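Here the structure is laid out as structure tokens; the discussion comes afterwards.
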Amino acid sequence: MSHRLLRRLALGAVALAGLGLGANAVAQETIELKISHYLPPSHGIHTDFIEPWARALEKRTDGRVKVTIHPGNTSFGNITRQLDQVRAGVVDIAHGLSGLPRGRFPATSVIELPFMVEKADTASRVLWELYRNGRFGDEYRGLKVLALHAHNAGLVHTTDTPVRSLEDLEGLRLRTPSPAVSQMLDYLDASPVGMPPSEVYENLQKGTLDGTVFTWDAVGAFRLNEVLQYHTDARAYTVSFYFAMNQRKYDSLPADVQQAIDELSGETLVARFGDWWDKWDRAGRKDAKERGHEFISVSDEERARWREQLQPMIEARLQELEASGVDDAEALYRRARELVREYSDQG
């Protein structure tokens with residue numbers, strides 16, 4: 001065999017080896033994902049939910065996926081931009097409040113109607129069941145929904161005026177988290193004020209707000225017990241959240257990475273929110289108790305009065321949902337109530 005032929009064979013072998021190394025390098029290329037949310041990094045949603053979820057995804061993919069989390073104190077943490085960020089692909093995954101920006105998830109907001117549900121576990125399971133069965137239409141177009149959930153029934157927290165009855169709400173300026181809760185407060189003669197959670201402390205301190213409707217966990221996370229005094233547990237409302245991925249990004253991932261995401265999400269993830277919210281609420285409540293605040297429990301008779309007064313509001317809200325494009329909002333409301341009873345009985 002000539003030296004020239006040997007040289008050509010050697011060069012060919014080197015080229016093939018280089019191609020093989022290049023293909024292997026591509027196969028092992030790190031996939032970087034960005035997650036954003038609007039809460040402080042000390043909040044349980046970050047420490048108990050999103051951080052462990054991200055690390056579990058990295059572990060399941062043997063380090064091929066690297067996840068960076070951008071909480072509320074970063075440039076991606078604006079509460080009103082979570083949905084637009086993930087839909088546009090600015091971030092790959094976002095956790096946000098369903099009511100902000102307003103009007104984006106009208107069918108989902110049925111869970112937020114007054115006296116619908118008291119426990120986060122029940123509310124979260126109901127949301128996932130309705131979504132899984134297509135009851136929310138195309139509200140989540142462009143998104144791979146990883147979880148939907150809601151918090152335990154929220155309270156009315158005030159600075160100077162205790163709320164013991166319906167009449168005590170009249171004229172109170174209360175921060176509200178969603179259109180449904182705003183309408184509820186309006187029908188109860190309070191004055192709802194839309195405001196990001198991060199601005200509530202300052203406005204309570206200045207007196208431009210008389211109080212806020214929040215869960216215990218948010219009261220603790222945003223240090224609101226420092227400026228609050230009374231906490232009225234009427235168990236009248238909840239608020240919903242989404243944890244969703246840009247659909248195009250999900251579709252672009254290798255099948256095994258998609259599988260890892262799926263295994264960490266959906267029903268498996270939704271089932272955990274009940275225990276999580278119970279844990280997160282305990283901290284805020286404990287802090288208020290240690291400060292000597294007054295806890296006000298609304299009697300069943302008083303709650304019945306609230307519910308009766310709010311019935312016209314519920315009917316009006318359902319008509320609004322229908323007008324906004326929700327298919328048979330009344331039937332959706334009835335189905336949600338059926339599921340609440342079903343899951344509450346299981347609990």
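All values reported here derive from a predicted model rather than from experimental measurement.
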Check: E112 side chain, S178 main-chain N or O, donor-acceptor pair, under 3.5 Å: no
Charged N-O contact under 4.0 Å between D278 and K119: yes
Note: E32-K66 ion pair, threshold 4.0 Å (strictly below): no
Salt bridge D48-R272, side-chain N to carboxylate O under 4.0 Å: no
Residue pair D281 / N152, side-chain donor-acceptor N/O under 3.5 Å: yes
Contact list for residues 174-202, test salt bridge (charged side-chain N to carboxylate O under 4.0 Å, His left out), sequence neighbours left out: E202-K206
Any residue meeting side-chain hydrogen bond (donor to acceptor under 3.5 Å, both in side chains) with E320, in chain and number order, not counting sequence neighbours: Q183, R317
F273 ring center near F49 ring center (under 6.0 Å): yes
Test ring pair (Phe, Tyr, Trp, His ring centres under 6.0 Å) applied to H157 and W216, F222, Y230, F295, the passing residue: W216
Geometric class of the W280/W277 ring pair [parallel <30°, tilted 30-60°, perpendicular >60°]: perpendicular
Audit row: E51, R55, salt bridge (charged side-chain N to carboxylate O under 4.0 Å, His left out) steps and yes/no: CA-CA 6 Å; E51 181 75 33; R55 304 293 81 86; 2.3 Å; yes
Distance-only polar pair, side chains of T108 and Y140, donor-acceptor under 3.5 Å: yes
Side chain to side chain contact (heavy atoms under 4.5 Å, CB included) assessment of L318 paired with L332: CA-CA 9 Å; L318 291 174; L332 174 61; over 6 Å; no
Aromatic Y201 / basic R223 pairing, under 6.0 angstrom, 45° off normal: yes
Test applied, side chain to side chain donor-acceptor pair (under 3.5 Å); reference residue, H95; option that passes from H37, Q82, H149: H149
Donor-acceptor under 3.5 Å (E294 side chain, Q229 main chain): no
Cluster overlap I296 with L172, hydrophobic side-chain contacts below 4.5 Å: no
Salt bridge present between E129 and R132 (N-O < 4.0 angstrom): yes
